Colleague: 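Have a look at this one.
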There are 2 protein chains.
Amino acid sequence: MSEADATRRPTVYDVAQEAKVSIASVSFAFRRPDKLSDATRERVLEAARRLGYAPSAAARGLAHGRTGTLGLHAFDLLLERADPIAEANPLTGLSRPRLDAGGVIPWNQTDDDVLSDPRAFPLYVDEVQRGFELECWALGRPVMLSSGAGTDVSVADTAGRVDGLAIFPSPQTAPALARYAPTIPIVLFSAAPADDRHHRVRVDNVGGMHALADHLVRAHGIRDVAFVGRMEASDTVERHAGLAAGLADLGVFLRDEVVDATVRGEDDLVPQLRGLIADGRLPQALVCATDQHAFAVLDALAAEGLRAPDDVVVTGFDGTLAARLSSPSLTTVRQPMEAMGRAAARILAGAAGPADRPFDVVFEPRLVVRRSCGCRG
Amino acid sequence: MSEADATRRPTVYDVAQEAKVSIASVSFAFRRPDKLSDATRERVLEAARRLGYAPSAAARGLAHGRTGTLGLHAFDLLLERADPIAEANPLTGLSRPRLDAGGVIPWNQTDDDVLSDPRAFPLYVDEVQRGFELECWALGRPVMLSSGAGTDVSVADTAGRVDGLAIFPSPQTAPALARYAPTIPIVLFSAAPADDRHHRVRVDNVGGMHALADHLVRAHGIRDVAFVGRMEASDTVERHAGLAAGLADLGVFLRDEVVDATVRGEDDLVPQLRGLIADGRLPQALVCATDQHAFAVLDALAAEGLRAPDDVVVTGFDGTLAARLSSPSLTTVRQPMEAMGRAAARILAGAAGPADRPFDVVFEPRLVVRRSCGCRG
DNA sequence: TTGTAAGCGTTATCAG
DNA sequence: CTGATAACGCTTACAA
């Protein structure tokens, strides 16, 4: 047993030799056990076990034309692409623990106090991803997770590895996706309808915002509302429109001016909010495009010594776990995230029915009333 | 454009033909751009884009001998293997929504109220998984997630798809793993040391339990303690031993009798606990092997009209988010889960240093004091 | 600088 | 029931 032989991954040839059969019999032993006599099958399986043979998925995928894997591509959201060579984690600034030093790695080298923040995990994408994973497991399909800038190459790389791809689209991914759509099925999460070949899984943003508008006006008598969000995402645009329409139905008008916030922090938000406060122009309610935005607003208000719901009503959208935990707890519109992830997996696996036409699955969201609107959450 | 041509995934041959070059040039255009003239490279890339060409990872993996992917295998934990054909979700009993019916899928068909329980997500494995994913993304490596009974076939299938495999070991996976270890690097999470070829990432269970014992005795004067857990997992065994040793150091003895609990529920637990209560033999503290066990204990106590910490002190282990949210909030020992996941990914990717000897990375856990031990959390 | 051709480890189609 | 043998799509010497 030479060094090379010890570490090389055994192949059908090795097993065939060991079991004194042809490579076809080895393959059959795994894929079509019925086409082999009990004796040879056992002999092959035994030899395979002895050698530690694991069929190469690459070779099978090549021969068979499909990998069996379903993919989920998340573009870098909160995640700065870390420099893997750097000694320090760019997210936390702490240096990476040495893993080969022996002994116990002290707690203060693990960043855990920084990292265990529910505002960072689990987010909307994480809960959708979980649904996707659970359904894939139920379907017996491995899941391939990838991330990247959403550029051609990162999407192409993923597309080459899977039989179907679910993706949280960003403006940059659109052109790349259009190219691979004819080739593999693609599911877009939370993308506005369009005349393309992609499948869609999304929520009724307009309906959700209608429900919220209704609550704010009817239960809290609110008549002066501003929207907070970045108008890049189609989700945000829909939510803005839904809010405006919902308010209009009740004779309330939404302020034209949108408070612009980034997901990353309150950099843009603080000065804008501060301006409104200084001018005495703070509205009665700040309706935010996402929970993340709402947290940024809550923080910015606190920095000015103001609190929701006493000084201003604040609401979110998504219904993440963090919304339950924030202080005050956040009134929000919850998406059925796990169900959305599951739906995507079923579509890609062909378990949702024939895909002759693109699926456009729209889920109803649900208003979750808590403290930040003035209710007793 | 025949039907077949429209949907077949384009290959190097198609691109070569389109760009009027050889297949080698196509390959070079992607892998070794420097070996091609600017003109041809551009021509190839343009043709590839036009055709929607995505290099097949299977073929590349086969030719190159490695897939580039890192794997994470989770055995079915809470997850009953669902029957994907069934109309109803076996976990919730609710029927699956039809995805092709059109219209908005009503909220009550999404199971979301059942599914959004922090006791079910994120758990220990989820936070470790997240760390693994984040580090893989930072390293530019796709992640392959799989799950299964931990039988030979499910592990072998995963092993055939990845360059390295991290795994939450169960008693059943051990023999299968031993077979593939020579072939690909394997990281075991939370496995007791042993003389095998696997890498290990774990916490100092004994140290964590020492800290807990210390707190219970010194801060709360506790002198009568029982351990709750299933003694199957090596983690549990270590924690039990650590607790016993920590208490003994302070002259306190741990009850011999272990309260046996399943993770799934309080089926076994309730009668045992009820027995102790009826006999007036409830200890001062119930130290549980995991947060999950502690929740089961809390529920069982509540069913008997008892509450922690007034009637009995209860503690957990892991430090999941749910421990923060439970009522009373749970005193526990937190593992640096994200750091552990990251460490595993770095080891498998070769970013942690040469792996001539197996890594055995031990992290320090941290005592988190909350209400359930009697402190003011 | 570009093209030719030999693998890589399966699966599947034939004959035997 | 078993064994040759030809794909599958890509990478990479090596040749031109």
Side-chain angles (χ1 to χ4, degrees), chain A residues 4-5 8-45 47-48 51-69 156-157 159-163 183-184, chain B residues 4 8-45 47-48 51-69 156-157 159-163 180 183-184:
Chain A
D5 287 335
R8 217 193 71 243
R9 285 156 95 133
T11 73
V12 269
Y13 296 99
D14 301 316
V15 177
Q17 191 172 39
E18 176 86 6
K20 303 195 192 312
V21 295
S22 76
I23 60 163
S25 299
V26 177
S27 181
F28 278 152
F30 287 91
R31 304 295 152 212
R32 335 229 40 178
D34 47 307
K35 311 212 79 175
L36 243 44
S37 72
D38 291 6
T40 38
R41 175 161 23 85
E42 262 323 302
R43 197 142 43 86
V44 171
L45 260 24
L51 264 34
Y53 167 72
S56 150
R60 176 163 4 130
L62 182 55
H64 197 252
R66 321 176 317 117
T67 63
T69 305
D157 182 76
R161 295 170 182 274
V162 298
D163 293 340
T183 242
I184 55 168
Chain B
R8 217 192 70 245
R9 287 155 93 133
T11 72
V12 270
Y13 296 98
D14 301 315
V15 178
Q17 190 172 37
E18 176 87 6
K20 303 196 194 311
V21 295
S22 77
I23 59 163
S25 300
V26 176
S27 181
F28 280 150
F30 287 91
R31 305 293 152 214
R32 335 228 45 170
D34 48 307
K35 310 211 79 174
L36 245 44
S37 72
D38 291 5
T40 38
R41 178 165 17 88
E42 263 322 302
R43 197 142 43 86
V44 171
L45 261 24
L51 263 35
Y53 167 72
S56 150
R60 177 160 7 125
L62 184 54
H64 196 252
R66 321 175 319 116
T67 63
T69 304
D157 182 77
R161 295 170 182 273
V162 299
D163 293 340
Y180 305 114
T183 240
I184 57 168

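Computed from heavy atoms alone, side chains included, the values below leave out hydrogens, waters and symmetry copies. In what follows, every chain begins at residue 1, and chains take the letters A, B, ... in the order their sequences are listed. Because the structure is predicted, anything quoted here is derived from the model rather than measured.
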Colleague: Taking atom types as modelled and ignoring hydrogens, do the side chains of Arg43(A) and Ser25(A) form a donor-acceptor contact shorter than 3.5 angstrom?
Modeller: no
Colleague: Rounded to the nearest Å, what distance is computed from the CZ atom of residue Arg9(B) to the P atom of nucleotide dC8(D)?
Modeller: 15 Å
Colleague: Counting side-chain heavy atoms from CB outward, which of dG9(C), dC1(D), dT12(D) is closest to Ser27(B)?
Modeller: dT12(D)
Colleague: Looking at side-chain heavy atoms only, is the closest gap between Arg60(B) and Asp157(A) below 4.5 Å?
Modeller: yes
Colleague: Which nucleotide, dC8(D), dC10(D), dT13(C), lies nearest any side-chain atom of Leu62(A)?
Modeller: dC8(D)
Colleague: Return the value, rounded to whole Å, for the distance between atom CZ of Arg32(A) and atom C1' of dC1(D).
Modeller: 14 Å
Colleague: Side-chain N or O of Thr11(A) versus OP1/OP2 of dC8(C): is the shortest distance under 4.0 Å?
Modeller: no
Colleague: Categorize Val26(A) for me: base, sugar-phosphate, or nothing, with a 4.0 angstrom heavy-atom threshold over every strand shown.
Modeller: nothing
Colleague: Considering only dG9(C), dT11(C), dC10(D), which nucleotide approaches the side chain of Tyr53(B) most closely?
Modeller: dC10(D)
Colleague: Over how many whole Å does the gap from Phe28(B) atom CZ to dG3(C) atom C1' extend?
Modeller: 10 Å
Colleague: What's the OH-C1' distance between Tyr13(A) and dA4(D), to the nearest Å?
Modeller: 11 Å
Colleague: If the cut-off is 4.0 Å, is Thr40(B) near the phosphate of dT1(C), judged by side-chain N/O to OP1 or OP2?
Modeller: no
Colleague: Ignoring backbone atoms, test whether Ser25(A) places a side-chain nitrogen or oxygen under 4.0 Å from the OP1 or OP2 oxygen of dC1(D).
Modeller: no
Colleague: Determine whether more than 12 heavy atoms belonging to other residues, nucleotides or ligands lie under 6.0 Å from atom CD of Glu18(B).
Modeller: yes
Colleague: Measure CD/Glu42(A) against P/dC1(D) and give the value in whole Å, please.
Modeller: 15 Å
Colleague: Using atom CZ of Phe30(B) as one end and atom C1' of dT12(D) as the other, report the distance to the nearest whole Å.
Modeller: 17 Å
Colleague: Does Arg161(A) offer a backbone N or O that forms a donor-acceptor pair with the side chain of Thr67(A) under 3.5 Å?
Modeller: yes
Colleague: Answer yes or no: does atom CZ of Arg31(B) have more than 12 heavy-atom neighbours from other residues, nucleotides or ligands under 6.0 Å?
Modeller: yes
Colleague: Is Phe28(A) close to Asp34(A) at the side-chain level, that is, under 4.5 Å between some pair of heavy atoms?
Modeller: no
Colleague: NA contact type, Leu36(B), heavy-atom cut-off 4.0 Å: base, sugar-phosphate, or nothing?
Modeller: sugar-phosphate
Colleague: Does Ser56(B) put a side-chain nitrogen or oxygen below 4.0 Å from OP1 or OP2 of dG9(D)?
Modeller: no
Colleague: Just to be sure I understand the rule, does Arg31(A) reach a base, reach only the sugar-phosphate, or reach nothing, if contact means heavy atoms closer than 4.0 Å?
Modeller: sugar-phosphate
Colleague: Could you check Ile23(A) against Arg41(A) and say which one's nearest nucleotide on DNA chain D is further toward the 5' end?
Modeller: Arg41(A)
Colleague: When the axes are fitted on five pairs at both termini, how much does the helix from dT1(C)-dA16(D) to dG16(C)-dC1(D) curve, in 10° steps?
Modeller: 40°
Colleague: Whole-Å distance between dT10(C) C1' and His64(A) NE2?
Modeller: 11 Å
Colleague: Are the side chains of Pro10(A) and Thr183(B) in touch, meaning some heavy atoms are under 4.5 Å apart?
Modeller: yes
Colleague: Rounding to an integer number of Å, can you tell me how far Leu51(B) CG sits from dG9(D) P?
Modeller: 14 Å
Colleague: So which nucleotide from dT5(D), dT1(C), dC10(D) ends up closest to the side chain of Ala59(B)?
Modeller: dC10(D)
Colleague: Side chain of Ala63(B), heavy atoms from C-beta onward: which of dC8(D), dT11(D), dT2(D) has the nearest atom to it?
Modeller: dT11(D)
Colleague: Within the side chain of Arg66(A), is there an N or O that forms a donor-acceptor pair under 3.5 Å with the backbone of Asp163(A)?
Modeller: no
